[in-house]
Protein chains: 4
Amino acid sequence: MSDKRTDIINATLKVTNEFGFAGTSTDMIAKVANVGKGTIYKYFKSKEVLYSTLFDELTNKFMAFIVNHFQFNLDIQTNFRNIVYALVHYYIANPQEFRYLERYSDVSLNIDQRMDESTKLIEPIKKMMDELDHGFKFKQLPPLAIFAMTYGPLVAIVNLTLMGKIDLTDELIYEIADSCWKSILVK
Amino acid sequence: MSDKRTDIINATLKVTNEFGFAGTSTDMIAKVANVGKGTIYKYFKSKEVLYSTLFDELTNKFMAFIVNHFQFNLDIQTNFRNIVYALVHYYIANPQEFRYLERYSDVSLNIDQRMDESTKLIEPIKKMMDELDHGFKFKQLPPLAIFAMTYGPLVAIVNLTLMGKIDLTDELIYEIADSCWKSILVK
Amino acid sequence: MSDKRTDIINATLKVTNEFGFAGTSTDMIAKVANVGKGTIYKYFKSKEVLYSTLFDELTNKFMAFIVNHFQFNLDIQTNFRNIVYALVHYYIANPQEFRYLERYSDVSLNIDQRMDESTKLIEPIKKMMDELDHGFKFKQLPPLAIFAMTYGPLVAIVNLTLMGKIDLTDELIYEIADSCWKSILVK
Amino acid sequence: MSDKRTDIINATLKVTNEFGFAGTSTDMIAKVANVGKGTIYKYFKSKEVLYSTLFDELTNKFMAFIVNHFQFNLDIQTNFRNIVYALVHYYIANPQEFRYLERYSDVSLNIDQRMDESTKLIEPIKKMMDELDHGFKFKQLPPLAIFAMTYGPLVAIVNLTLMGKIDLTDELIYEIADSCWKSILVK
DNA sequence: TATGAATGAGAGTTCATTCAT
DNA sequence: AATGAATGAACTCTCATTCAT
C-alpha cells in the first residue's frame, strides 16, 4: 500500500532533480506522484512548505546516517575518516538527495535561514567532537571555519564525481579525509 | 552620465542578490535600473541571455583580477598564498558578485554546462601552474580534485564571513591558504 | 448547464467577428466567455490552436450541412440548385460563421495551407459530382476553376446581403445558381 | 534620387505580402525601406494611416488602369472582355498589389467601410456602363449583384493562378469573361 | 529633416492555489 | 480523503509610438 504523502515527497525529489526548482510545477509533482494536484495541498500548506519539509527530512535522514556511523570505541581520527568515507558514499549513492540539499539553499534565499541550514548539518558533529576527550589539538579556528575546510572539499569532490569528471576511489576519499584532518590540526 | 546597459546589469546583480533568480522579474530589474521594461530587450535578447551575460562578465572580471595579481618574479607558493588572499578579499568586497557566481551555476541546470562554468574559473590558473617550472610535487590527483580541495574551502570561508558567522582575519586567510597548499602536495 | 469549452468557442466566434483576428485578445475572449484566462489554455494549447480548431469545427459543420442536403433521388442540377440555395441561406443565417471562415484563410498566411483549407470545402462536393452518373458535360476547365466560378459569386452575394446592400430573394438565389450552372457547362 | 515616402510605401507592400498584416512591424518596414523608424511617422500619422493610404493608392492606380483600357470606339461586350483580360493580367503581374487589396479588408474591420472599399472598385465601372447607350439587357439584379457575379470568379481565378493551382491561359480568361457576361444578361 | 534609443501598455501564456464534487 | 477544473495574478516579451538629438 502506498502512502500518498510519501509519493509526493519522492516525486518532488525526483522532479526537482531533473528539472530544477524553477522548472518544477505542482502539476508535474502530482503527475509523477500519481495523485491529484489538490492532494498535495492536503499534506502541505504550500509548495514552499513542501520543499522545506523535504529539506528537513533529508537533513534529518542524513544526520541520522552520520550519527549511526560514529563508533564510540574508535578514536576520533578514525571516526573522522570513517564518517567522511560514509558521507561521500552516501551522497554518491543518493545523488538526488545530495543535489536537493545543495540546490535548496538557492531557493530559500534568506541568508540567516541559510546559516541555520548549514548549522543543522554541522552542529551535532561539532557537539560530539567537543564532548569527547580526545588527544588532538585543533587549530584555533572558529568551529565553522573548520567545518568549511572539511565539508567544502567533500561537496566539491562529490560534485565532480557525479558529473563524471573524476573517478572516485576509496583511496582518493581517504587521501582527502587525511588532508582535511591535517589541515585542521595544529602542526 | 549613465549607461543604460550598465544600469540594467547592475540592477540585475542587485535584484537577483536580494530576491534570488526565481524571485526576480524583468519588471523589478527595469524599475531598479530606472529604464523601461522594453529597454532590457534592446540590450539583451532575453532574460536568460541577460543572466548569462552578467555571469560571463563577472567571470571575466574575476579572472582578470586574479591574473593581474600573479607576479612572475615570485615563487609559486607565494603566488598561491597571494592569490588566495586576493580572491577572498575580492569576494568579501564584492559579495553580490560572489553570490551571483555561486547561485548562477545552480540555476543553469545543465550539468555539462555547469562543468564548463567551473572550468572557466579554474582552467587559466591550472595552465599557469603547469607551465611554470617550480619545484613542487603535487599529488597524483585529477586536477579538478585539486581544485576542489582548494576552491571548496575558500568558498565556504567566504560564505561564513558574509553570513557574519566568522571573523575573517588576514591570519586566518593565510592559515587556510597554507593548509590548502599542503593538502595538495605530496608529503 | 454551460460547457466552458463551448463558451470559449462561441466567445471566440463573437469577438473575432466584432474586432477581427488582430483586434481579439485572450483577455476579451475570456471575459466574453465568462471564464478565467487560464481556462482557455485548459482546452486549447494556444490562441492559434483555438482559432484553427474553431475553423475546423465550422468547416465540418458546414460540410455536414451541405452533405445532408444532397438528395440522391434528385438529378445533379437540381441538387446543385438546392445546395446553392441551402448554402446561401446557411451563411445568411450564420453570418458570424461565414465571416470567420472568410477571414481565417487570410490570417493563416501560408499559401499551401490556404489551398488545403479551400480544398476542404470543395473536395467532397467535387467527389460527389465525379462519382455520379449524370448526363451533363462540364467544361474542360480545371476543377478548381469551376469551383471558382461557382463559389466566388456566392461568397460575393452573401457578403453584399450581409452588408445590407442587396435584398436577397429566393428568386435571386436561383437566378445565380442557374447562371453559375450554365457557366460551367459546355454550351 | 529616392523618395523616402515612396520607399516606405513600397516596403509596406513588400513586407505585408510576405508576413501578413499581423506579422508586419514598423521595424521591418523601416528596415526594408532603409529609413529610420521615426521617419515613417513623419509621413504617416500612424501605422493604420500608412496601411489605408497604401490601400487608397493601390485602388486608384488600379482604377486608372481599368479606365485607361476602356475604348469608347468598341462595343461594351468587347470592352468587358478586354477589361476582364486586362484586370486579370494586371493582378497576375502585380500579385503583391492584388494580395494587399484582398487582405486589407480584413484589417479595416468596419463593415460599412468595407463596403466603401468594394464600392470604390466597382462604382466607376458601373457608371460607365449606365451612361453608355448599348443594346444589351442586363438582368434585373442589383448592380452590385452583377458585380458579384463577375468580380467574384475573377478574384478566385487569380488566387488559384497565384497559388499555382491552375495554369492560366488567355483562352481560359476569355472563357470566364464570356461566362460571366452571359450570366448577367437576360437570356 | 531624419533618426533610433527609449518607452510601457498590452500581448500570450503559466502555474500555485482553491473548491465544488 | 481525494480530485482536477477553474482561476487570475504575474510572468516574459513585443511593438507602435515618442522625442531628444
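Being a predicted model, the structure only gives us computed values, none of them experimental. Chain A is the first sequence line, chain B the second, and so forth, proteins listed ahead of strands; every chain is numbered from 1.
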S.K.: What about C/Lys37: does its side chain form a donor-acceptor pair under 3.5 Å with the base of E/dT13?
M.R.: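 Per atom types, the contact qualifies.
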S.K.: Determine, using ring centers only, whether D/Tyr104 and D/Tyr51 are less than 6.0 Å apart.
M.R.: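 Aromatic pair excluded; centres sit 6.0 Å or further apart.
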S.K.: What dot-bracket string describes DNA chain E from 5' to 3', counting Watson-Crick and G-U wobble pairs whose defining distances are under 3.5 Å, with [ ] for crossing pairs and | for pairs to another strand?
M.R.: .||||||||||||||||||||
S.K.: Counting only side-chain nitrogens and oxygens, does C/Tyr41 get under 4.0 Å of the OP1 or OP2 atom of E/dT14?
M.R.: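 Answer is no, no contact under 4.0 Å.
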S.K.: If I take atom CD1 in residue A/Ile8 and atom C1' in nucleotide F/dA1, what distance separates them, rounded to the nearest angstrom?
M.R.: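 Those two atoms, CD1 and C1', are 12 Å apart.
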S.K.: Could you state the CG-P distance from A/Asp27 to E/dT17, rounded to the nearest angstrom?
M.R.: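 Distance, rounded to whole Å: 13 Å.
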S.K.: Report yes if at least one side-chain N or O of B/Lys42 is closer than 4.0 Å to OP1 or OP2 of E/dA6; otherwise report no.
M.R.: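 For E/dA6, OP1/OP2 do not have a side-chain N/O of B/Lys42 under 4.0 Å.
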S.K.: Would you tell me if any nitrogen or oxygen in the side chain of A/Thr26 comes within less than 4.0 Å of OP1 or OP2 on E/dA16?
M.R.: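 Checking E/dA16 against A/Thr26, a side-chain N or O does come within under 4.0 Å of OP1 or OP2.
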S.K.: With side-chain contact (heavy atoms from CB on, under 4.5 Å) as the test, pick out the partner of D/Thr12 among D/Thr53, D/Leu50, D/Asn17, D/Thr26.
M.R.: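 In the set D/Thr53, D/Leu50, D/Asn17, D/Thr26, the residue that makes a side-chain contact (heavy atoms from CB on, under 4.5 Å) with D/Thr12 is D/Leu50.
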S.K.: Which residue, C/Tyr43 or B/Gly38, contacts DNA chain F at a nucleotide closer to its 5' end, judged by nearest heavy atom?
M.R.: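 The residue closer to the strand's 5' end, by nearest nucleotide, is C/Tyr43.
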S.K.: Are the aromatic rings of C/Tyr91 and C/Phe62 close, with centres under 6.0 Å apart?
M.R.: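 Centroid distance C/Tyr91-C/Phe62: below 6.0 Å, so yes.
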S.K.: Is there a salt bridge (Lys or Arg N to Asp or Glu O under 4.0 Å) between B/Glu57 and B/Arg5? Walk through the geometry before answering.
M.R.: CA-CA 13 Å; B/Glu57 290 194 7; B/Arg5 189 184 179 283; 2.9 Å; yes
S.K.: Can you tell me if C/Lys4 touches the phosphate of F/dT7, counting only side-chain N or O atoms and a distance under 4.0 Å to OP1 or OP2?
M.R.: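 It does, given that an N or O in the side chain of C/Lys4 lies less than 4.0 Å from OP1 or OP2 of F/dT7.
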S.K.: D/Lys47: what forms a salt bridge (Lys or Arg N to Asp or Glu O under 4.0 Å) with it, not counting sequence neighbours?
M.R.: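 By the salt bridge (Lys or Arg N to Asp or Glu O under 4.0 Å) rule, D/Lys47 matches no residue at all.
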S.K.: Find which nucleotide of DNA chain E each of A/Ser25 and B/Ile40 is nearest to by heavy atoms, and output the residue with the more 5' nucleotide.
M.R.: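 The answer here is B/Ile40.
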S.K.: Give me the one residue out of C/Asp7, C/Ile8, C/Ile29, C/Asn34 that meets side-chain contact (heavy atoms from CB on, under 4.5 Å) with C/Thr39.
M.R.: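 That would be C/Ile8; it is the only one of C/Asp7, C/Ile8, C/Ile29, C/Asn34 passing the side-chain contact (heavy atoms from CB on, under 4.5 Å) with C/Thr39.
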S.K.: Can a donor-acceptor pair under 3.5 Å be found between the side-chain atoms of C/Lys45 and the base atoms of E/dG12?
M.R.: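 Such a pair does not exist between side chain and base.
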S.K.: Indicate whether OP1 or OP2 belonging to F/dT3 is found under 4.0 Å from a side-chain N or O atom of A/Thr39.
M.R.: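 A/Thr39 to F/dT3 OP1/OP2: side-chain N or O found under 4.0 Å.
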